[in-house]
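See below for the structure under consideration.
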Amino acid sequence: MQTGKDEIVDELTQFKIERAKRRERKEWELKIMGKCITWLIYLYVTGIIITGLNYILLEKSYKYEGIVEDSCQDFKTLKSVNEQIFPLLDELTYKKYFKIFRVNLENDCPFSIGEYICTSKKCVICTCNTSEIPSNWLSPASSPINQPKDDFAFWDSERYLSPSEWIWHVEDIENDKGVYVDLKLNPEAFTGYQGQHIWDVIYRENCYQGSLNDMCKEKRALNKLVQGLHTSISTQLSEFYVDLSTNKTYPNYPLYFERVGNHPERIRNLFFLYSVLLRAVILASPGIQKHDINSMSFEEDTRSKYLLNNILSLGNNQCSKPFDEQQFFNQITFDQKKDYQRYIHNISRIMDCVECQKCRVFGKMQTYGLGTALKILFSESPSEFSGKLKRNELVALINTFGKVSSSVHSIDLMFERRTIYHYNLILTIVIVGGVFIIFMVAIRKIYQQMDKKIQNMFRGMPSDNPQQTNRNTKSKRD
């Protein structure tokens, strides 16, 4: 009999021990859940505060304040002019006459700057077949071999070269090596090619060394033009970024701010380049308007002339003198003129070292366009001289102006995209974090309710007090 009582007491003791352990475990679990929720709330509030402060401190737009250094116009005026010109210029560059550019891609690299192979398929371009080129472009009359003499022929007289503007055109395009490239079928975009070594050579070999503030304005202008061109190209690669793994094109604003947006001086140089190109186009207006735009398509050529005339009219009416070439170039020395020629020529030759074909085409085209603009600005009679521009020169000038105009247009877009991203990040943290915390609180509440139900199931069971248990057992016996 005593043995049976002992067994009952042992079972009750074992049950109470298990019950106590289960109770401790439940309390521990509820305590841990409570602490996790508390820490989540801390992280949630911290995340909102940090992202909120970042959003508040974020520059939501570029500050177009003051005059563009070494220019004659302020940022706001140039921006306003570009907002009107850009849509027209963008459409014009899609017209057949202006989208096909002739370039020589067979020149050997004349410099030892190392090999950086471009392995992406995006680096390759498709050239136009002869059948796609209007016959009048291929006729001897369209190749201006005999060009009028001007001061350029004497700037570097020790070379004894007959073409007066030899330094400003893409080398050897008048021979059989030149190919025609459709710039819209082969759009400028990120290809994965890293060309920083090319820019290092350009800055080291073809720019005046030292601080811009310590240079005379003529030297400073050349450096800023090259830096502005670099900024424009970096902007275009960010605007038309290609994810090589998915082959999708999208604007990459983090890359833009890494290369351009976080460097205000680069944006200033971009505006300086824009003012120089705009001034060159305005000065060349009389000659450009007389230019024979003929791609053997009457309807398209009529539209091209209409767009071109509107661009020239807007430029003349809204901002006739964005850059004062007389202030800069009237007193330029003979040696500085030769430097300008040599630097532009060398930059074009350095572009022959670019392994990415697409990058090489657009690099040479924009160098050619910049050279054409300088040739117009250097001329003693720009309006008369511009009437003798070759088709390839005009195509390079318009497309370079179009690229720079697109880069100026992208400034606000990039700032807006970054602002929207940070705003959406705050909303995401508020909504997702809030929902997750509410979910965790609800789970803890449900867990507590389930624990209470389990406790209710054990009500009426033997007490934890042994004496009470013995009395209950004795009373039941009596």
Worksheet entry | Derivation of the side-chain hydrogen bond (donor to acceptor under 3.5 Å, both in side chains) call for Ser131 and Asn129 | CA-CA 5 Å; Ser131 59; Asn129 295 322; 4.7 Å; no
Over 60° means perpendicular and under 30° means parallel, so classify the ring planes of [Y] and [X], tilted if in between.
| X | Y | result |
| --- | --- | --- |
| His230 | Tyr203 | tilted |
| Tyr64 | Phe75 | tilted |
| Tyr62 | Phe415 | tilted |

Item to complete: State yes or no: are the ring centers of Tyr44 and Phe436 separated by less than 6.0 Å?
Response: no
For a quick test of your reading: what N or O donor-acceptor pairs under 3.5 Å do the side chains of residues 50-59 make, sequence neighbours left out?
residue: Thr51; atom: OG1; partner: Gly47; partner atom: O; Å: 2.6
residue: Thr51; atom: OG1; partner: Ile48; partner atom: O; Å: 3.2
residue: Asn54; atom: ND2; partner: Ile50; partner atom: O; Å: 3.4

Discussion item. Using the rule given for side-chain hydrogen bond (donor to acceptor under 3.5 Å, both in side chains), can you reason through Tyr97 versus Asn294, listing the C-alpha separation, both sets of side-chain angles and the distance that settles it, and then say yes or no?
Written reply: CA-CA 7 Å; Tyr97 189 87; Asn294 185 2; over 6 Å; no
Could you check whether [X] pairs with [Y] (Lys NZ or Arg NE/NH1/NH2 to Asp/Glu carboxylate O, under 4.0 Å)?
| X | Y | result |
| --- | --- | --- |
| Glu355 | Arg360 | no |
| Asp70 | Arg220 | yes |
| Lys364 | Asp352 | yes |
| Lys79 | Asp412 | yes |

Discussion item. Applying disulfide (SG to SG under 2.5 Å), can you list everything that pairs with Cys109, at least two apart in sequence or on another chain?
Written reply: Cys353
Fill in: Lys76 NZ: over 12 foreign heavy atoms closer than 6.0 Å
no
Worksheet item: Between Lys99 and Tyr94, is NZ or CZ placed under 6.0 angstrom from the six-membered ring centre and within 45° of the ring axis?
Response: no
Practice prompt. Output every pair passing side-chain hydrogen bond (donor to acceptor under 3.5 Å, both in side chains) with a member in residues 395-404, not counting sequence neighbours, ordered by first then second residue.
Written response: Glu188-Lys403
Practice prompt. Can you run down the side-chain hydrogen bond (donor to acceptor under 3.5 Å, both in side chains) pairs that involve residues 250-264, sequence neighbours left out, and say none if there aren't any?
Written response: none
Determine all donor-acceptor pairs shorter than 3.5 Å in which one atom belongs to a side chain in residues 305-315; sequence neighbours excluded.
residue: Tyr306; atom: OH; partner: Asn310; partner atom: ND2; Å: 3.3
residue: Asn309; atom: ND2; partner: Lys305; partner atom: O; Å: 3.1
residue: Ser313; atom: OG; partner: Asn317; partner atom: ND2; Å: 3.2

Worksheet item: Ile347 pairs by side chain to side chain contact (heavy atoms under 4.5 Å, CB included) with which of Leu229, Leu370, Ile202?
Response: Ile202
Worksheet item: Testing Ser410, Ser407, Ser406 for side-chain hydrogen bond (donor to acceptor under 3.5 Å, both in side chains) with Ser232, which one passes?
Response: Ser407
Worksheet item: Of all residues at least two apart in sequence or in a different chain, which pass the side-chain contact (heavy atoms from CB on, under 4.5 Å) check with Glu299?
Response: none
